[in-house]
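Because only heavy atoms are used, hydrogens play no part in the values below, and waters and symmetry mates are left out as well, while side chains stay in.
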Amino acid sequence: MGTGHYFWAIFYFTSLCSASLANNAKINFREKEKKVLDQILGAGKYDARIRPSGINGTANLPTLVQVNMFLRSISKIDDYKMEYSVQLTFREQWTDERLKFDDIQGRLKYLTLTEANRVWMPDLFFSNEKEGHFHNIIMPNVYIRIFPNGSVLYSIRISLTLACPMNLKLYPLDRQICSLRMASYGWTTNDLVFLWKEGDPVQVVKNLHLPRFTLEKFLTDYCNSKTNTGEYSCLKVDLLFKREFSYYLIQIYIPCCMLVIVSWVSFWLDQGAVPARVSLGVTTLLTMATQTSGINASLPPVSYTKAIDVWTGVCLTFVFGALLEFALVNYASRSGLNKANMHKENMKKKRRDLEQASLDAASDLLDTDSNATFAMKPLVRHPGDPLALEKLRQCEVHMQPPKRPSCCKTWLSKFPTRQCSRSKRIDVISRITFPLVFALFNLVYWSTYLFREEEDETF
């Protein structure tokens, strides 16, 4: 009998233990989450209008909000509007002791909400925002996590178009700094302070691709602002973009160089080929002007001179100079022909006068007396004849060896100094002068702007 009672006692105890374990295994944590949410966010228990206390529940200290973000993409950087578009995951984290709850021995890690208006939220705004929107496909891309110790994590995916004031003096060899500024709208630093999260507050997606820029680096900083209503907490991240020069080299610089070189072809054409030289000069000038207008159309009108303005302006000047050179050649050629024709007419007139004078002299000789005698000068020079000595000195002076000309004079001597050859000489000088001056300009241009770009990079 005692043995039977002992057996039934053991059986009963085993059954109770099994039931207890079964009950623990069947705990519905979703129901527990609902009860916890009703407990901490129920009516009359939590007021989302009141900000959380400061550190360690101190009411007089400001609420600290840690901020971090994940930069997903940068779709465009607009030079004309001076703005850029970015998509990011924005996160805020703070502590609200009113939201503490029991984690059921570590089994309930956090609670998740999708309605931001259920808890108190920092009044953060993006101060340099132009446009922005949330993402609601398929569901709103936002969540709130409440941890057992009262810590709150807010995460949302947003797309923003932000203002980015640019300095285009070195365009297209420039670097631009675009900022992302976040500040409190209504709470002053006495009530709310934003802090960058320790460690890695800004993360950038790998293989970030931009069509005309490269993201070199980014810097985080604070930018608190003071107004007549108080001081407001502010955070900023500066994104340093470097413009990709290869695109502009292929699309702007090389075509401009080719147009300038094509305009020099007119120097090698015959000066009589007026239609060819005029059409070549006018075509290159109009093409260069069109290229310059297209470049300026994609940039905002600014009050200073850009690096691309210097390049296009000088190239346009060279093309225009080649056209003016032909006008000068044409004028010199026509002037030389007119003077040559006048010279020929004068020579013909003198020749006719000499012929007429010789005929008159011959007729006078025939009319004179046939017995007239003429005094013949001796052909042999006498030793004491002063006239013969003077003529001998003149001959010796004229027969002195000439001085050796310089290289430039030798090169220019290939073209006579007659008026009709001045136009040819202008073309020959232009063939050398224009390329040399353009090469010197390139040396000064690239050394100046590339050196200034290196200075900006070190700064």
Is any side-chain N of the basic residue among Arg425 and Asp427 closer than 4.0 Å to the acidic one's carboxylate O?
no

Just do the ring pair (Phe, Tyr, Trp, His ring centres under 6.0 Å) check on Phe245 and Tyr253 with the steps written out, would you?
CA-CA 10 Å; Phe245 179 68; Tyr253 284 90; 5.4 Å; yes

Donor on one side chain, acceptor on other, Tyr171 and Tyr449, under 3.5 Å:
no

Please evaluate residues Phe90 and Phe126 with respect to the criterion ring pair (Phe, Tyr, Trp, His ring centres under 6.0 Å), reporting the C-alpha separation (whole Å), side-chain torsions for both, the decisive distance (0.1 Å), and the verdict.
CA-CA 11 Å; Phe90 180 74; Phe126 297 93; 5.7 Å; yes

Check: Phe438 ring centroid to Trp264 ring centroid under 6.0 Å:
yes

Under a 3.5 Å cutoff, is there a donor and acceptor pairing between the side chains of Ser151 and Gln93?
yes

Determine, for Asp102 against Lys35, whether the closest basic-nitrogen to carboxylate-oxygen distance falls under 4.0 angstrom.
no

Answer with yes or no after comparing the ring centroid distance for Tyr222 and Phe194 against a 6.0 Å cut-off, counting only values under it.
no

Is there a side-chain contact (heavy atoms from CB on, under 4.5 Å) between Ile295 and Thr312? Walk through the geometry before answering.
CA-CA 9 Å; Ile295 295 170; Thr312 55; 3.8 Å; yes

Derivation and outcome, disulfide bond (SG atoms under 2.5 Å apart), residues Cys164 and Cys178:
CA-CA 5 Å; Cys164 179; Cys178 295; 2.0 Å; yes

Will you find, in the side chains of Asp96 and Tyr46, an N or O donor that is under 3.5 Å from an N or O acceptor?
yes

Give a yes or no answer on whether the side chain of Thr227 reaches the backbone of Thr229 with a donor-acceptor pair at less than 3.5 Å.
yes

Between Thr214 and Glu244, does the side-chain hydrogen bond (donor to acceptor under 3.5 Å, both in side chains) criterion hold? Intermediate values first, please.
CA-CA 7 Å; Thr214 300; Glu244 288 291 343; 2.3 Å; yes

Asn68 and Gln66 side chains, donor-acceptor separation under 3.5 Å:
no

Please report the C-alpha distance between Cys257 and Cys315 in whole Å, then the side-chain angles of each, then the deciding distance to 0.1 Å, and finally whether the disulfide bond (SG atoms under 2.5 Å apart) criterion is met.
CA-CA 7 Å; Cys257 282; Cys315 290; 5.8 Å; no

Take a 6.0 Å sphere around OH of Tyr304 and say whether it holds more than 12 heavy atoms from other residues, nucleotides or ligands.
yes

Charged N to carboxylate O under 4.0 angstrom, Asp38 versus Lys34?
yes

Check whether the side chains of Glu97 and Ser53 place a donor and an acceptor atom closer than 3.5 Å, and report yes or no.
no

When every non-hydrogen atom of Lys100 is compared with those of Gly150, the smallest separation belongs to CG-N, 3.8 Å

Hydrogens and angles aside, do Thr63 and Arg51 bring a side-chain donor and acceptor to less than 3.5 Å of each other?
yes

In plain terms, say whether Glu325 and Arg431 are close enough for a salt bridge, that is, a side-chain N and a carboxylate O under 4.0 Å apart.
no

